[in-house]
Amino acid sequence: MPSKPSLSPAGISPVSDTSARIGSLLVAEGFITREQLEEALRIQRNNFRTKRNYKYLGQILVEKKYLDPDQLQFVIHKHGKQTRIGDILLRCGAITKKEFESALVEQQESGERLGEIFLRKGMVSDDVLRQAIGTQLNIPYVDITRINLDSHLARIVNRDYAFRHQIIPIALNGDNLTLAMDDPTNREVVVELEMFTRLKVNVVTSSRAAIKEAFKRLYPWDSRDPEANRKKKQEEDDGLLDFTLNIEDVGEEMERTHKPSYVEFHESKRADVLVQRILGWAIQHRASDIHLETLDQRMVVRFRIDGLLQEFDLGSLQESVDRFHREIISRIKILGKLDIAEKRLPQDGSFRSHIIRGGERTNLDFRVSVIPCYYGENVVIRILDPNQAPSTLDKMGFSKKLTDRLIRIFNHNTGIILVTGPTGSGKSTTLHSGLLTAYRPGLKVLTAEDPIEYVHEKFMQCEVNEKIGLTFASYIRVFLRHDPEIIMVGEIRDDETAEMAVRAAQTGHLVLSTLHTNDSLGAISRLSGLGIDPSMITSTLIGVISQRLVRRICPHCKDEYEPSAKIINEFFQTPPQNIIWVKGRGCKECHFTGFHGRLPLAELWEPSNQDILLINKQAPVEELRKSARQSTIPIMNEAMLKLKAGETTLDELIRVLPYTFIADFRKRGA
């Protein structure tokens, strides 16, 4: 049937009972006077008599400025007086009573929106439906095809966000942004935009076709220039989901507080500003991770600095964080391109920011992980600073003896090299440093990582995505068809990956990977537990690096001291005479911890012929450990070198190293 061109007053009474009831409620709530109600009812009757477009009482009151739209919606929702879309279309003659009843029956069966049913069955046109929705929600219907759109509006709402939510910014007047929405009932989008644009959002609606047409006009792509498209898209992404952090500003602000662990906050308390301040503070103070932990009516912000979580007095900033903690999480989700409506499932995402540091603009990557907990969602943000990107092995800080041996094994053509240690021990950094050391022009390097933390132009890097079947094992299988010399696998965590890695090493490739074990010999037990035959292990294994990270004594407050006899006895049978004991007193530069930065400690085991024989015989671990001492540079040797150089402390070694290492060192009287 042909669609009705517009809403008309056919079939309705001059003043409906609904109008009278809503008017009485507005008077009772004190939003309008009796005289204003009578005036609005008179206008409504006059419109009917003169056959003008029928308007609901609320529309007239808002147009006369007797009432604010928010006040009207408050009363309508409070008393459950919102008119159904079908009733509006029926009263205006856009549909018949029979069509209305038929659609209601279908809605009960399918659960579909009533307006969508009217549209799908051709009972009304999209324009007529949108006008009715505007009437229902007391928002204007605008034909945006006739509006000239300012291209600068694309900087306020970026392309991806506008496409995802089917919205178009059509006007900006001062602090008021007018937004055309395909679904004007989606209040979450309005709240989000008001939160991170700091503008008052006024909603209008238009036909779906008009919104699509306006989208193409506001976000044009030039098909003839793909590179320009890519840059334009990046710029548009930056407009909404990116921001610039001026690190110098954050530092100056902290100086004004006269307390190194206190952040003053005077200005806007909106969530987007709070997020920027938290990120800026973390970057300024070398934090590797930010932990946002939701508790009852408050949020705890902790920073992982030099491997330890630290909670600082945030001063008045803490009050704002507590007050806006839900908005802060929503803002981070938006930045990470996550679903802000999903609060029951864990989510992972990422975003990029620009920072101003030393007067220079640098890109910084952030990894976001959100998990639901008892009081709400908790967020961890990993900061990937290019200034902390791995370098070659000779710049890692290992001893000369260990560095020379590491460089030698990474220059092998075939075999497998493993880096072991617990989570957060720097395995990935050492692996990347080994790759940079092994790389030479003419070699092809393929990596499978989860996730890719640092991008190197020399390597072909691939990111694991198990949801779509891109696992470590599947990548290795494909890599072998790309003729690489070196393959890096982020982690061996299952039997299939272990088997594929060993097979790749057997077929003439150098394979680098990590394992979660306590020491280097633990790699044999781990691989055997994953079903790898001992003979396959010994035929491919070049060496195993086991490492830890210890905190470096702060050079700004380093001072001599005398450790207790008890802690010295943990390491030595007799107190050594050739060590000058030092520690950090604590100062502003190290946040009064006495430590600034971290150092790697590592041991290297290169299996000897005797070790290989014992592995093939599946000899007891203790027998293999005794033999491996002759082919291992122990981690305690590296630890003692750092201790004698005044770079770390006995307390820090006890905190980080397994006690069995320390006990064995003392027993051997090394």
Side-chain angles (χ1 to χ4, degrees), residues 260-261 281-291 302-312 380 382-385 387-391 393 395-399 402-403 419-430 433 453 518-519 545-564 566-568 570-572 576 579-603 634-662 665:
S261 60
W281 197 95
I283 296 165
Q284 174 74 12
H285 292 81
R286 305 177 294 104
S288 61
D289 301 86
I290 305 169
H291 291 242
R302 298 199 288 171
F303 304 89
R304 189 175 294 280
I305 301 174
D306 296 334
L308 291 182
L309 277 177
Q310 300 180 40
E311 184 177 351
F312 295 90
V380 174
R382 167 66 57 88
I383 303 171
L384 302 176
D385 190 339
N387 283 4
Q388 307 299 322
S391 184
L393 288 169
K395 298 178 181 177
M396 287 281 290
F398 295 123
S399 68
L402 179 58
T403 299
V419 184
T420 70
T423 300
S425 59
K427 299 188 298 297
S428 296
T429 300
T430 300
S433 297
E453 295 189 354
N518 272 333
D519 58 13
I545 305 159
S546 178
Q547 77 172 53
R548 300 291 191 279
L549 293 174
V550 295
R551 291 181 293 173
R552 185 198 303 267
I553 296 173
C554 176
H556 303 282
C557 60
K558 183 186 294 187
D559 198 8
E560 293 186 19
Y561 85 114
E562 187 63 34
S564 67
K566 181 179 179 181
I567 193 170
I568 291 177
E570 294 284 357
F571 288 84
F572 308 98
I579 297 180
I580 299 175
W581 306 106
V582 294
K583 72 172 184 177
R585 298 186 309 273
C587 64
K588 175 182 173 181
E589 296 294 329
C590 61
H591 314 303
F592 297 92
T593 63
F595 297 96
H596 190 284
R598 290 192 288 177
L599 298 163
L601 299 180
E603 71 176 17
I635 197 169
M636 287 302 301
N637 287 12
E638 290 289 301
M640 288 301 110
L641 290 173
K642 297 292 188 285
L643 195 67
K644 292 176 182 178
E647 293 185 296
T648 192
T649 65
L650 292 174
D651 298 88
E652 183 66 6
L653 294 178
I654 284 182
R655 183 185 72 84
V656 172
L657 297 177
Y659 186 72
T660 53
F661 287 16
I662 299 172
F665 175 78

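Since this is a predicted model, take the numbers as computed values, not measurements.
Between Thr429 and Met396 the shortest side-chain heavy-atom distance falls below 4.5 Å. Looking at Ile568 and Pro576, their side chains come closer than 4.5 Å, going by heavy atoms from C-beta outward. Annotation: side chain of Phe572 is in contact with side chain of Ile579 (closest heavy-atom distance under 4.5 Å). Taking the side chain as every heavy atom from C-beta outward, Phe595 and Val550 never approach each other to under 4.5 Å. When side chains are defined from C-beta on, Leu653 counts as touching Met640, because their heavy atoms get closer than 4.5 Å. With contacts defined as side-chain heavy-atom distances shorter than 4.5 Å, the pair Glu570/Leu650 does not qualify. Counting only heavy atoms from C-beta outward, the side chains of Arg548 and Pro422 approach each other to under 4.5 Å. Side chains of Trp581 and Leu643 form a contact here, defined as non-hydrogen atoms less than 4.5 Å apart.
The aromatic ring centres of Phe312 and His591 sit less than 6.0 Å apart.
Under a cut-off of 6.0 angstrom, the local environment of NZ in Lys583 is sparse, with at most 12 non-hydrogen atoms contributed by other residues, nucleotides or ligands.
Contact detail for Leu549 and Gly424: the closest heavy-atom pair is CD1-O, 3.7 Å. In plain terms, the two heavy atoms of Ile567 and Phe571 that are nearest each other are O-CD1, 3.4 Å. The shortest heavy-atom contact between Cys557 and Gly594 is SG-CA, 4.4 Å. Residue Asp519 comes nearest to Thr420 through the heavy atom pair O-OG1, 3.6 Å, listed as atom of the first residue, atom of the second, then distance. Across every non-hydrogen atom of Ala282 and Ile383, the tightest pair is CB-CD1, 3.7 Å. Leu657 and Ala639 get closest at one heavy-atom pair: CD1-CB, 4.3 Å.
Applying side-chain contact (heavy atoms from CB on, under 4.5 Å) to Gln547 and the options Ile635, Leu601, Thr430 leaves one that passes, Thr430.
Rounded to the nearest 0.5 angstrom, Thr648 OG1 and Arg551 CZ are separated by 8.5 Å. Taking NZ of Lys642 as the start and CZ of Arg552 as the end, the distance is 8.5 Å to the nearest 0.5 Å. Note that CZ of Arg598 and OG of Ser425 are 9.5 Å apart. Values are rounded to the nearest 0.5 Å. Taken from CZ in Arg304 to OG in Ser288, the straight-line distance is 6.5 Å, to the nearest 0.5 Å. Here Cys590 contributes atom SG and His285 contributes atom NE2; the two are 11.0 Å apart, rounded to the nearest 0.5 Å. Going from atom CD1 of Ile283 over to atom CZ of Phe303 covers 10.5 Å, rounded to the nearest 0.5 Å.
Under a 3.5 Å cut-off, the side chain of Lys427 and the backbone N or O of Val419 do not form any donor-acceptor pair.
At a threshold of 4.0 Å, the pair Arg302-Glu311 does not count as salt-bridged, since none of the basic side-chain nitrogens sits closer than that to a carboxylate oxygen.
Applying the side-chain contact (heavy atoms from CB on, under 4.5 Å) rule to Arg286 yields the partners Ile305, Asp306, His596; only residues at least two apart in sequence or on another chain are considered.
Sorted by first and then second residue, the side-chain hydrogen bond (donor to acceptor under 3.5 Å, both in side chains) pairs involving residues 553-562 (not counting sequence neighbours) form an empty list.
Residues Glu638 and Ser399 bring a donor and an acceptor atom of their side chains to less than 3.5 Å of each other.
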